[in-house]
Amino acid sequence: MIKAITGTKDILPSDIRKWYHLENLVRKIFQNFNYKEIRTPIFEETSLFARGIGEETDIVSKEMYTFRDRSDTSITLKPEMTAGVVRAFIEHSLGEKQPLTKVFYISPMFRQERPQAGRLRQFHQFGAEALGSTSPLLDAEMIEMAFEILTRLGLNDLSVKINSLGIPSARENYKNELRKYLSDKKDKLTEESRIRFEKNILRIFDSKAEQDQEIMKNAPLLIDYLDDESKQDFEVVKKYLTDLNIPFEVDPKLVRGLDYYTKTTFEIISGKVGAQSSLCGGGRYDLLVEELGGKPTPGVGFAAGMERILLACENENVLNLPEPYIDVYLVRIDSDLMLKVSEIASSLRKNDLIVDYDYLNRSVKAQMRDANKMNARFVLFVGGDEFRNGELLVKNLSTSEQEKIKVSELSSLINKIKMYGS
RNA sequence: GUGGGUAUAGCUCAGUUGGUUAGAGCACCAGGUUGUGGCCCUGGGGGUCGUGGGUUCAAAUCCCACUACUCACCCCA
C-alpha cells in the first residue's frame with residue numbers, strides 16, 4: 001500500500017471544518033487590522049532562503065527540501081514565509097506604492113525534520129509581515145493579532161514571551177561579554193553547548209541540560225547590553241501590551257533560531273501540546289530587506305503553526321463546532337423515479353439548499369437512515385399516491401411532523417426551508 | 001542524526017503459562033409490516049495477527065532482523 005510521505009498528513013473531510021473555522025477567523029482578524037493576503041509560490045530559488053534565513057541556521061543547513069529541476073536550478077520548498085514575502089516585496093516594488101506594506105498569509109511549509117507531536121514535515125502556518133516602519137507599535141500589533149486569534153479560538157493555557165535582541169552592534173558587544181564570562185567555564189558545558197559556543201553562543205541559554213543551566217544562571221543578559229533605541233522601543237512594546245491587557249513575560253533567554261531578527265522577538269506558548277509548545281513566533285527584522293537586495297526597509301512579522309494550534313484546541317477541548325447538516329434529503333419511494341428525484345434535487349440546489357439523495361437504489365428504510373446520518377433537516381418523499389396526485393410529502397426530521405405540498409408549490413417550500421433555524 | 005515505546009478487522013482494543021476454524025465494542029450492509037430515521041433486537045460481510053527469518057509436534061503469543069508509526073532529544077510553527 002502506498003502511504004503518505006513520512007511527516008505529511010491528509011486532512012480528511014471529517015477534519016476540514018476546524019480548518020475552515022481557523023482559516024476564517026484568521027482572515028477576519030487580519031482584515032480588521034487591514035492586512036492584505038499575499039500568496040507566494042510554494043518553492044523558491046534555494047539561495048533566497050540561504051541568504052535570508054542564514055547559512056548556519058538549522059533550517060538551512062539540514063532541514064530544507066532542496067532539489068534540482070530540469071534546468072539544473074536549485075529549488076527549495078519554502079520552510080518559512082518571510083523570505084518569500086520580502087522577495088515579492090522587492091520584486092514588485094511594493095514599498096514604492098505605499099510607505100507601509102501590511103500583508104498576511106496562510107500556507108503550507110516544508111522542513112525535513114523528525115516528526116513528533118506538533119511537528120510535521122509539511123505543516124501550515126498563518127502569519128503577517130509589516131514592511132516600512134520601525135514603530136514598536138507594529139511589534140506590539142503582531143503580538144496583539146496573534147493573541148487575538150488564539151484567544152478567540154478559546155485557548156486559555158497561553159503564555160506570551162518577549163525579548164529584545166537589540167541592533168547587531170549591541171548584540172556583538174554582548175556576545176563578547178558572554179564569551180568572556182564563559183571562557184573559563186567552557187569545559188563544564190555539555191558537548192552540544194560547546195558547539196553552540198562556536199556557532200551561536202546565544203543558544204546556550206536554550207539548553208535543557210542542568211549543568212548548562214547552572215552555568216548560565218549567572219551569565220550576563222543581553223537585555224542589559226541593549227542600545228538606547230532598542231531599549232526605548234522595547235519599553236513601548238511592553239507598555240502597549242500592558243494597555244491592551246495582554247499578559248506577557250520578558251524572557252531574556254528567548255533566542256530565535258533565524259538569523260534575521262533584530263530588536264523585538266516574541267513567542268506564544270501553549271501548555272497543552274507536548275514538547276513542541278511554541279504556537280507562534282516572530283520578531284523584527286530591520287536589515288533583511290537590504291540583505292536580500294532591496295532598499296533598506298525595516299520589517300516585523302510573525303508566523304503561527306496551525307496544526308499546533310488545532311492540537312491545543314483539541315487538548316483544551318475548546319472547539320465546539322456545530323454539527324454539519326443538510327437541508328433536504330430526497331427519499332425515492334418508487335424505484336423508477338430516480339430521474340425525477342435528481343431533477344428536484346437540482347432545482348433545490350439552484351436555490352442554495354444543501355441537498356442529497358440515495359444513488360445506490362436502496363430501500364426507503366435505508367434512505368431514511370442515510371438522511372438521519374447526514375443530519376438532514378427535511379426529508380422529501382418522492383413517489384406513491386401523493387406523487388401521482390401531484391404532491392410531495394415533507395417530513396421535518398427533528399419534530400417528525402409531515403405535511404403534503406403540491407409539486408407546483410415547491411418555491412414556497414424552498415423559502416420555508418431557507419428560513420428554518422435562522 | 002540519537003534514544004525509548006508500539007504494531008491483531010475500517011476505528012479503539014482483548015487474546016490467559018505457546019495448544020482446535022483469532023474475539024469484542026463501534027462503524028458498515030441486510031432484516032425486524034406491504035411507503036418512514038434516531039433507541040432496541042436479529043443476522044451478515046470484513047483479518048496472510050506489520051514484513052522476513054528462527055526455535056517448536058504446534059507461534060498472534062518465545063528469539064532475531066527489517067520496516068512503519070509514535071514520543072522525546074536536537075531544533076522550531
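Naming: A, B, ... by sequence-line order, numbering from 1 per chain.
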Give one of base, sugar-phosphate or nothing for [X], where a contact means two heavy atoms less than 4.0 Å apart.
X: A/T6; value: sugar-phosphate
X: A/L397; value: base
X: A/E63; value: sugar-phosphate
X: A/D334; value: nothing
X: A/L393; value: base
X: A/L120; value: base
X: A/A117; value: sugar-phosphate
X: A/R196; value: sugar-phosphate
X: A/K395; value: base
X: A/G274; value: sugar-phosphate
X: A/E386; value: base

Strictly below 4.0 Å: does [X] bring a side-chain N or O up to OP1 or OP2 of [N]?
X: A/Q276; N: B/C75; value: no
X: A/R362; N: B/G37; value: no
X: A/K9; N: B/U70; value: yes
X: A/R119; N: B/A77; value: no
X: A/S363; N: B/G31; value: yes
X: A/Q116; N: B/A72; value: yes
X: A/K373; N: B/C29; value: yes

Pairwise [atom1] distance, [M] and [N] [rounded to whole Å]:
N: B/G50; M: B/U42; atom1: C1'; answer: 36 Å
N: B/C64; M: B/U55; atom1: P; answer: 15 Å
N: B/A77; M: B/U67; atom1: P; answer: 31 Å
N: B/G10; M: B/G43; atom1: P; answer: 22 Å
N: B/G44; M: B/C71; atom1: P; answer: 39 Å
N: B/A30; M: B/U61; atom1: C1'; answer: 37 Å
N: B/A60; M: B/U16; atom1: P; answer: 12 Å
N: B/A24; M: B/A14; atom1: C1'; answer: 7 Å

salt_bridge([X], [Y]) N-O dist < 4.0 Å:
X: A/K253; Y: A/D251; answer: no
X: A/E44; Y: A/K78; answer: no
X: A/R39; Y: A/E37; answer: yes
X: A/D233; Y: A/K263; answer: yes
X: A/E148; Y: A/K28; answer: no
X: A/K18; Y: A/E314; answer: yes

Hey, what's the ring geometry for [X] with [Y], parallel, tilted or perpendicular (30° and 60° as the breaks)?
X: A/Y285; Y: A/Y260; result: perpendicular
X: A/W19; Y: A/H124; result: perpendicular
X: A/F302; Y: A/F30; result: tilted

> Residues in side-chain contact (heavy atoms from CB on, under 4.5 Å) with A/L360, at least two apart?
Replying inline: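 Testing A/L360 for side-chain contact (heavy atoms from CB on, under 4.5 Å), a comparison that skips the adjacent residues, returns A/D358, A/R362.
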
Report the distance from atom [atom1] of [X] to atom [atom2] of [N], rounded to the nearest whole Å.
X: A/N389; N: B/G35; atom1: CG; atom2: C1'; answer: 15 Å
X: A/Q367; N: B/G38; atom1: CD; atom2: C1'; answer: 17 Å
X: A/E401; N: B/U36; atom1: CD; atom2: C1'; answer: 15 Å
X: A/N372; N: B/C39; atom1: CG; atom2: C1'; answer: 11 Å
X: A/F302; N: B/C76; atom1: CZ; atom2: P; answer: 19 Å
X: A/K365; N: B/C29; atom1: NZ; atom2: P; answer: 13 Å
X: A/Y357; N: B/G37; atom1: OH; atom2: C1'; answer: 20 Å
X: A/L22; N: B/A77; atom1: CG; atom2: C1'; answer: 13 Å

> When you check every protein heavy atom under 4.0 Å of nucleotides 41-48 of chain B, what one-letter string (B, S, -) results, 5' to 3'?
Replying inline: --------

> Are the ring of A/F381 and the base ring of B/G35 both nearer than 5.5 Å at their centres and tilted by less than 30°?
Replying inline: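 Taking the rule of under 5.5 Å and under 30°, the ring of A/F381 does not stack on B/G35.
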
>> What verdict does the side-chain hydrogen bond (donor to acceptor under 3.5 Å, both in side chains) test give for A/E172 and A/Y225, after you've listed the backbone C-alpha separation in whole Å, the side-chain angles of each residue and the deciding distance to 0.1 Å?
In response: CA-CA 10 Å; A/E172 277 315 310; A/Y225 289 80; over 6 Å; no

> Choosing from B/G35, B/A30, B/C74, which nucleotide comes nearest the side chain of A/K62?
Replying inline: B/C74

> Among the nucleotides B/C71, B/U2, B/C29, which one has an atom lying closest to any side-chain atom of A/R114?
Replying inline: B/U2

> Pick the nucleotide of RNA chain B nearest each of A/I268 and A/S400; which residue has the one closer to the 5' end?
Replying inline: A/S400

>> Taking the nucleotide of RNA chain B with the nearest heavy atom to each, does A/R388 or A/S277 sit closer to the 5' end?
In response: A/R388

> Are the side chain of A/N375 and the backbone of A/P324 linked by a donor-acceptor contact shorter than 3.5 Å?
Replying inline: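 Indeed, once roles are kept as given, a pair shorter than 3.5 Å links the two residues.
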
> So do A/I309 and A/F126 actually touch side chain to side chain, heavy atoms under 4.5 Å?
Replying inline: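 They are in side-chain contact.
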
>> Show me the dot-bracket string of RNA chain B, counting Watson-Crick or G-U pairs under 3.5 Å, with | for pairs to another strand and [ ] for crossing ones.
In response: (((((((..((((.....[...)))).(((((.......))))).....(((((..]....))))))))))))....

